[in-house]
Number of protein chains: 2
Amino acid sequence: MKQLQSEYQCAINLVVDVIGGKWKVFIMWNLNEGNKRFKELERSIPGITKKMLTQQLRELEHHGLVQRTVFEELPPRVEYETTELGKKLQPVLFEMCKWGDEYTEANKISMNQCWTQQDFMNSSP
Amino acid sequence: MKQLQSEYQCAINLVVDVIGGKWKVFIMWNLNEGNKRFKELERSIPGITKKMLTQQLRELEHHGLVQRTVFEELPPRVEYETTELGKKLQPVLFEMCKWGDEYTEANKISMNQCWTQQDFMNSSP
DNA sequence: AACCAAGGTTACCGAATCGTAACCTGTATG
DNA sequence: CATACAGGTTACGATTCGGTAACCTTGGTT
């Protein structure tokens with residue numbers, strides 16, 4: 001489990017520690033649309049494995065961005081949702097999207113799926 | 001040298017690739033104040049080594065965020081500045097700062113230096 | 001002759017990150 | 001009896017990332 005430092009010299013580095021890594025922004029993005037079950041997340045994030053999904057969700061939970069709720073049913077049901085603090089990340093993700101779009105335009109990199117600034121606005125409540 | 005992918009599924013991941021890692025946001029932050037020489041950057045980013053600074057600057061240059069200018073003098077003088085594209089990152093960094101500040105407030109993490117949202121606004125042109 | 005400066009490069013190493021595959025629980029279905 | 005389901009855990013490897021220390025050039029200073 002990745003631990004945050006007890007002191008940071010710059011808020012930006014804290015953010016990088018909290019949402020950095022290969023999968024976290026995908027997860028936050030998906031939860032942006034509403035509560036999701038483990039399997040739903042796994043299916044909507046192409047390429048992610050169970051292990052990485054669990055690990056990243058645990059870290060997000062531990063850092064207060066995501067809440068995990070277990071329903072005592074069979075087969076098991078576990079739902080994930082973003083916390084208030086997690087919701088406040090949206091402007092950050094939005095700005096990142098905007099810049100990414102400008103970057104791809106300037107550099108002819110292609111965006112082969114529909115996760116752009118526009119989608120962000122559509123998926124946000 | 002870290003290469004970007006030729007296709008991205010999400011603009012956010014592109015951003016993470018371009019400014020991720022341990023040092024890049026520090027560098028961008030410092031260059032936000034104006035042109036800097038290699039030694040100046042090295043001195044104002046505590047803990048960074050020559051190797052990491054060179055490496056990260058080269059990647060930033062390669063990805064179009066930073067411009068490197070060599071002056072043919074002795075001792076050598078090399079200046080770094082942010083490009084137009086790099087300048088457009090500022091709203092992203094700003095939002096990251098804002099969120100980081102909220103996070104630290106909610107979680108009693110301390111910010112032992114002066115790199116907060118307020119500073120950002122002061123250092124921006 | 002020795003040492004300092006700026007702006008690096010290189011070889012090497014340990015740590016962190018990411019991925020693969022197997023395994024687990026308990027119920028239901030073929 | 002075998003298989004599938006959801007939601008994981010575990011052991012093991014490979015790759016990437018970051019850090020240390022030595023070395024380089026050219027000129028000036030001690």
Side-chain angles (χ1 to χ4, degrees), chain A residues 1-5 8-10 12-14 16-27 30-31 35-63 66-81, chain B residues 1-5 8-10 13-14 16-28 30-31 35-63 66-81:
Chain A
M1 172 77 73
K2 172 168 194 164
Q3 299 294 331
L4 298 181
Q5 296 163 224
Y8 278 87
Q9 310 205 313
C10 171
I12 296 180
N13 262 50
L14 169 65
V16 170
D17 278 6
V18 169
I19 63 163
K22 193 169 172 182
W23 300 111
K24 292 211 178 80
V25 288
F26 282 110
I27 296 172
N30 272 273
L31 293 179
N35 299 11
K36 293 252 175 120
R37 297 180 61 167
F38 185 87
K39 263 296 163 189
E40 287 182 276
L41 286 170
E42 197 179 350
R43 273 191 282 260
S44 50
I45 304 176
I48 200 167
T49 61
K50 285 138 133 13
K51 182 198 153 193
M52 291 312 292
L53 183 54
T54 313
Q55 191 179 104
Q56 302 301 303
L57 279 169
R58 289 296 137 84
E59 289 180 9
L60 289 169
E61 188 193 359
H62 193 244
H63 296 152
V66 159
Q67 201 197 322
R68 177 173 182 262
T69 310
V70 181
F71 296 85
E72 295 297 345
E73 305 175 359
L74 273 165
R77 182 158 66 100
V78 179
E79 283 194 1
Y80 294 91
E81 63 188 303
Chain B
M1 171 76 73
K2 173 167 193 166
Q3 299 294 331
L4 297 182
Q5 296 163 224
Y8 278 86
Q9 309 206 314
C10 171
N13 262 51
L14 169 65
V16 170
D17 278 5
V18 169
I19 63 163
K22 193 168 172 183
W23 300 111
K24 292 212 178 79
V25 289
F26 282 110
I27 296 172
M28 292 309 290
N30 272 275
L31 292 179
N35 299 11
K36 293 253 176 122
R37 297 180 62 168
F38 185 88
K39 262 296 163 189
E40 287 181 277
L41 287 170
E42 197 179 350
R43 272 191 281 260
S44 50
I45 304 175
I48 201 168
T49 60
K50 285 137 134 10
K51 182 197 152 192
M52 290 313 292
L53 183 53
T54 313
Q55 192 180 103
Q56 301 301 302
L57 280 169
R58 290 295 137 86
E59 289 180 9
L60 289 170
E61 187 192 1
H62 193 244
H63 297 152
V66 159
Q67 202 197 323
R68 178 174 182 263
T69 311
V70 182
F71 296 85
E72 296 296 344
E73 305 174 359
L74 274 166
R77 182 158 66 99
V78 179
E79 282 195 1
Y80 294 90
E81 62 187 304

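Per chain, numbering begins at 1; letters A, B, ... match sequence-line order.
Taking atom NZ of B:Lys24 as the reference point, atom C1' of D:dG18 lies 12 Å away to the nearest angstrom. As a whole-Å value, the separation of A:Lys2 NZ from D:dG18 P is 10 Å. Distance CG (B:Leu57) to P (C:dA6): 16 Å, rounded to an integer number of Å. When rounded to the nearest whole Å, the span between CD of B:Glu72 and P of D:dT26 equals 12 Å. Between A:Leu41 atom CG and D:dA6 atom P the separation is 13 Å, expressed in whole Å. Distance A:Lys50 NZ to D:dA4 P: 13 Å, rounded to the nearest Å. D:dT29 atom C1' lies 15 Å from atom CG of B:Leu74, rounded to whole Å. Atom CD of B:Gln56 is separated from atom P of C:dT9 by 13 Å (rounded to the nearest Å).
Taking every side-chain heavy atom of A:Pro76 into account, D:dA6 is the closest of D:dA6, C:dG7, D:dG8.
With B:Gln55 contributing its side chain and B:Met52 its backbone, the two residues share no donor-acceptor pair below 3.5 Å. Listed for the B:His63 side chain is a donor-acceptor partner under 3.5 Å among the backbone atoms of B:Lys2.
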Just do the salt bridge (Lys or Arg N to Asp or Glu O under 4.0 Å) check on B:Glu79 and B:Arg68 with the steps written out, would you?
CA-CA 6 Å; B:Glu79 282 195 1; B:Arg68 178 174 182 263; over 6 Å; no
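Mapping A:Arg37 and B:Ile48 onto DNA chain D by nearest heavy atom places A:Arg37 at the nucleotide closer to the 5' end. The residue among B:Tyr80 and A:Gly21 whose nearest nucleotide of DNA chain C is located toward the 5' end is B:Tyr80. Each of A:Pro75 and A:Gln55 lies near DNA chain C, and the nucleotide nearest A:Gln55 is the one positioned closer to the 5' end.
No engagement by B:Phe71 is indicated, since no non-hydrogen atom pair under 4.0 Å with the nucleic acid exists. Backbone-only contact: A:Lys39 has heavy atoms under 4.0 Å from sugar-phosphate atoms and none from a base.
Salt-bridge annotation for B:Glu42 and B:Lys39: present, with a side-chain N of the basic residue lying under 4.0 Å from a carboxylate O of the acidic one. Between B:Glu72 and B:Arg77 no salt bridge is recorded (no basic side-chain N to carboxylate O distance below 4.0 Å).
Using a 4.0 Å cut-off, some side-chain N or O of B:Arg68 falls inside it from OP1 or OP2 of C:dG8. Using a 4.0 Å cut-off, some side-chain N or O of B:Arg58 falls inside it from OP1 or OP2 of C:dG8.
The base of D:dG18 has none of its N or O atoms less than 3.5 Å from a complementary donor or acceptor on the side chain of B:Lys22. If you check distances only, the side chain of A:Lys51 never reaches the base of D:dG8 with a donor-acceptor pair under 3.5 Å.
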